[in-house]
Peer 1: 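Handing you a structure now.
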Amino acid sequence: MKPSLKKIEWISFLAASVLGTLFHFVYGWSGENPVAGLFFPVNESTWEHLKLIFFPILLLSVWEFLIFRKTYAGFVCVKFVSALIGMALTVILFYTYTGVYGKNSDVMNILIYFISMFLAYAASYVMLRRNALADVSCRFCYFGFLAVTLLFAVFTVFPPPIGLFAPPV
């Protein structure tokens, strides 16, 4: 008997949240290994913290894919879109609260992380239940995962000189 979608999405949300929390420290634990820096945050910039949303979702999507690949035609695309939703929410919520409040707060940043991760998995659940994105080519979404992974690598090594890539002051 297959586990329910709701149960798997809850487990994945919890696991992704734990992984993202641990991933925050991996670069330091690795002795600042440049290869680790491609996948784990190398500084406190907003861009680098998006890795904490993207890579746990990508990793857990592989596990979920093994369970649901025959059940949901648009599974890969839903997971890609949900990762983008989580990342977009992180950016929107961070810059909204820092713009309004005028300060950067670790408590708020952590809260934003969990809210963004939760809403990414909630969106995934809803899209999978509605069989959304079933008509989108999986190749496009595989390419999307690869493209975002490459963007993280490139912009970690060569960050553009804009605020998204700069550690907060």
Side-chain angles (χ1 to χ4, degrees), residues 9 12-30 32-65 75-128 133 136 140-169:
E9 290 300 281
S12 294
F13 158 68
L14 294 171
S17 296
V18 169
L19 283 175
T21 302
L22 292 174
F23 284 5
H24 189 274
F25 305 101
V26 170
Y27 179 69
W29 291 341
S30 75
E32 298 186 358
N33 182 306
V35 175
L38 301 177
F39 304 99
F40 307 104
V42 301
N43 61 43
E44 293 297 318
S45 72
T46 305
W47 173 257
E48 290 294 315
H49 279 74
L50 295 179
K51 293 175 182 178
L52 303 178
I53 297 282
F54 182 78
F55 287 113
I57 290 175
L58 175 59
L59 186 62
L60 288 161
S61 293
V62 173
W63 171 68
E64 286 187 76
F65 180 78
F75 180 84
V76 174
C77 291
V78 164
K79 289 301 174 174
F80 178 62
V81 169
S82 68
L84 294 179
I85 288 169
M87 291 170 24
L89 284 169
T90 298
V91 172
I92 292 165
L93 293 172
F94 174 76
Y95 285 110
T96 299
Y97 101 79
T98 56
V100 170
Y101 185 58
K103 294 181 185 176
N104 186 359
S105 161
D106 288 341
V107 171
M108 284 298 293
N109 294 342
I110 292 166
L111 186 60
I112 285 171
Y113 169 73
F114 287 109
I115 289 169
S116 297
M117 189 66 84
F118 175 78
L119 292 175
Y121 274 95
S124 171
Y125 174 75
V126 168
M127 287 186 285
L128 288 171
L133 307 177
V136 179
F140 173 76
C141 299
Y142 285 124
F143 175 76
F145 271 122
L146 178 62
V148 173
T149 299
L150 291 174
L151 285 174
F152 276 122
V154 169
F155 290 150
T156 293
V157 178
F158 305 106
I162 61 174
L164 181 68
F165 300 92
V169 178

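Note that the coordinates shown come from a computational prediction; the quantities given were computed from them, not determined experimentally.
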Peer 1: Are Pro160 and Phe155 close enough that some pair of their side-chain heavy atoms sits under 4.5 Å apart?
Peer 2: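 Yes; the side chains approach each other to less than 4.5 Å.
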Peer 1: Do Leu38 and Val157 come close enough that some side-chain heavy atom pair is under 4.5 Å?
Peer 2: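 Touching, per the 4.5 Å side-chain cut-off.
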Peer 1: Please determine whether side-chain contact (heavy atoms from CB on, under 4.5 Å) holds for the pair Met117 and Ile57, giving the CA-CA distance in whole Å, both sets of side-chain angles, and the decisive distance to 0.1 Å.
Peer 2: CA-CA 9 Å; Met117 189 66 84; Ile57 290 175; 3.9 Å; yes
Peer 1: Give me the ring orientation class for Trp47 and Phe152: parallel if the planes are under 30° apart, tilted from 30 to 60°, perpendicular past 60°.
Peer 2: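 Geometry flag for Phe152 against Trp47: tilted rings.
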Peer 1: If I compare all heavy atoms of Val148 with all of Met87, which pair ends up nearest, and what's the gap?
Peer 2: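 Looking at all heavy atoms of both residues, the closest pair is CG1-CE, 4.2 Å.
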Peer 1: Where is the tightest heavy-atom contact between Ile85 and Ala123, given as atom of each residue plus distance?
Peer 2: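 Looking at all heavy atoms of both residues, the shortest contact is CD1-CB, 3.8 Å.
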Peer 1: Atom CD1 in Ile112, atom OG1 in Thr46: separation rounded to 0.5 Å?
Peer 2: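 Taking CD1 in Ile112 and OG1 in Thr46, the distance rounds to 9.0 Å.
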Peer 1: Minimum heavy-atom separation for Phe114 to Ser17, with atom names?
Peer 2: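 Closest pair (atom of Phe114, atom of Ser17, distance): CE2-CB, 3.6 Å.
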Peer 1: Can you measure from CG (Leu119) to CG (Leu89) and round to the nearest 0.5 angstrom?
Peer 2: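 Taking CG in Leu119 and CG in Leu89, the distance rounds to 5.5 Å.
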Peer 1: Tell me if the aromatic rings of Phe54 and Phe145 count as close, with their centers under 6.0 Å from one another.
Peer 2: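 Phe54 vs Phe145: aromatic centres under 6.0 Å.
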Peer 1: Using the six-membered ring wherever Trp is involved, compare the ring planes of Phe118 and Phe13 and label them parallel, tilted or perpendicular (cut-offs 30° and 60°).
Peer 2: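 Correct class here is perpendicular.
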Peer 1: Walk me through whether Leu84 and Phe80 qualify under side-chain contact (heavy atoms from CB on, under 4.5 Å).
Peer 2: CA-CA 6 Å; Leu84 294 179; Phe80 178 62; 3.5 Å; yes
Peer 1: Do other residues, nucleotides or ligands put more than 12 heavy atoms under 6.0 Å from Phe143 CZ?
Peer 2: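 Atom CZ in Phe143 is not packed in, count stays at 12 or less.
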Peer 1: Give a yes or no on whether the backbone of Leu60 and the side-chain of Lys79 come within a donor-acceptor separation of less than 3.5 Å.
Peer 2: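 Answer holds: no.
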Peer 1: Rounded to the nearest 0.5 Å, how far does CD1 of Ile53 lie from CZ of Phe55?
Peer 2: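 Phe55 atom CZ to Ile53 atom CD1 measures 12.5 Å (nearest 0.5 Å).
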Peer 1: I need the minimum non-hydrogen distance between Ile115 and Leu93, along with the two atoms involved.
Peer 2: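 Closest pair (atom of Ile115, atom of Leu93, distance): CG2-CD1, 4.0 Å.
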Peer 1: Run the numbers on Glu64 and Phe75 for side-chain contact (heavy atoms from CB on, under 4.5 Å), then give the verdict.
Peer 2: CA-CA 9 Å; Glu64 286 187 76; Phe75 180 84; 3.3 Å; yes
Peer 1: Measuring from atom CG of Leu128 to atom CD of Glu9, what distance do you get when rounded to the nearest 0.5 angstrom?
Peer 2: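 Here the interatomic distance stands at 6.0 Å.
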Peer 1: Using the side-chain contact (heavy atoms from CB on, under 4.5 Å) rule, take His24 and Lys51 through it: C-alpha gap first, then chi angles, then the decisive distance, then the call.
Peer 2: CA-CA 9 Å; His24 189 274; Lys51 293 175 182 178; over 6 Å; no
Peer 1: Inspect the surroundings of CZ in Phe140 and state if more than 12 heavy atoms from other residues, nucleotides or ligands are less than 6.0 Å away.
Peer 2: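 No, not enclosed.
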Peer 1: Closest approach of Phe165 and Pro159, non-hydrogen atoms and distance?
Peer 2: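 So the two residues come closest at CB-CB, 3.9 Å.
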Peer 1: Should the ring pair Phe23 and Phe40 be called parallel, tilted or perpendicular, given that the plane angle runs from 0 to 90° and is split at 30 and 60?
Peer 2: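 Phe23 and Phe40: perpendicular rings.
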Peer 1: Is any side-chain heavy atom of Leu58 closer than 4.5 Å to a side-chain heavy atom of Thr149?
Peer 2: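 Yes, close enough: below the 4.5 Å cut-off.
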Peer 1: Would a 4.5 Å heavy-atom cut-off, applied to side chains only, mark Val81 and Met127 as touching?
Peer 2: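 Yes, close enough: below the 4.5 Å cut-off.
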Peer 1: Would you say the side-chain atoms of Glu48 pair up with the backbone N or O of Val42, donor to acceptor, closer than 3.5 Å?
Peer 2: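 Such a contact is found between Glu48 side chain and Val42 backbone.
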Peer 1: Given the side-chain rings of Phe94 and Tyr97, with only the six-membered ring counted for Trp, is the space between their centroids under 6.0 Å?
Peer 2: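 Yes.
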Peer 1: Taking all non-hydrogen atoms of both residues into account, name the closest pair between Val78 and Ser124 and its distance.
Peer 2: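 So the minimum-distance heavy-atom pair works out to CG1-O, 3.6 Å.
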Peer 1: Picking from Ser116, Ser12, Ser82, what satisfies side chain to side chain contact (heavy atoms under 4.5 Å, CB included) with Tyr121?
Peer 2: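 The passing option is Ser12.
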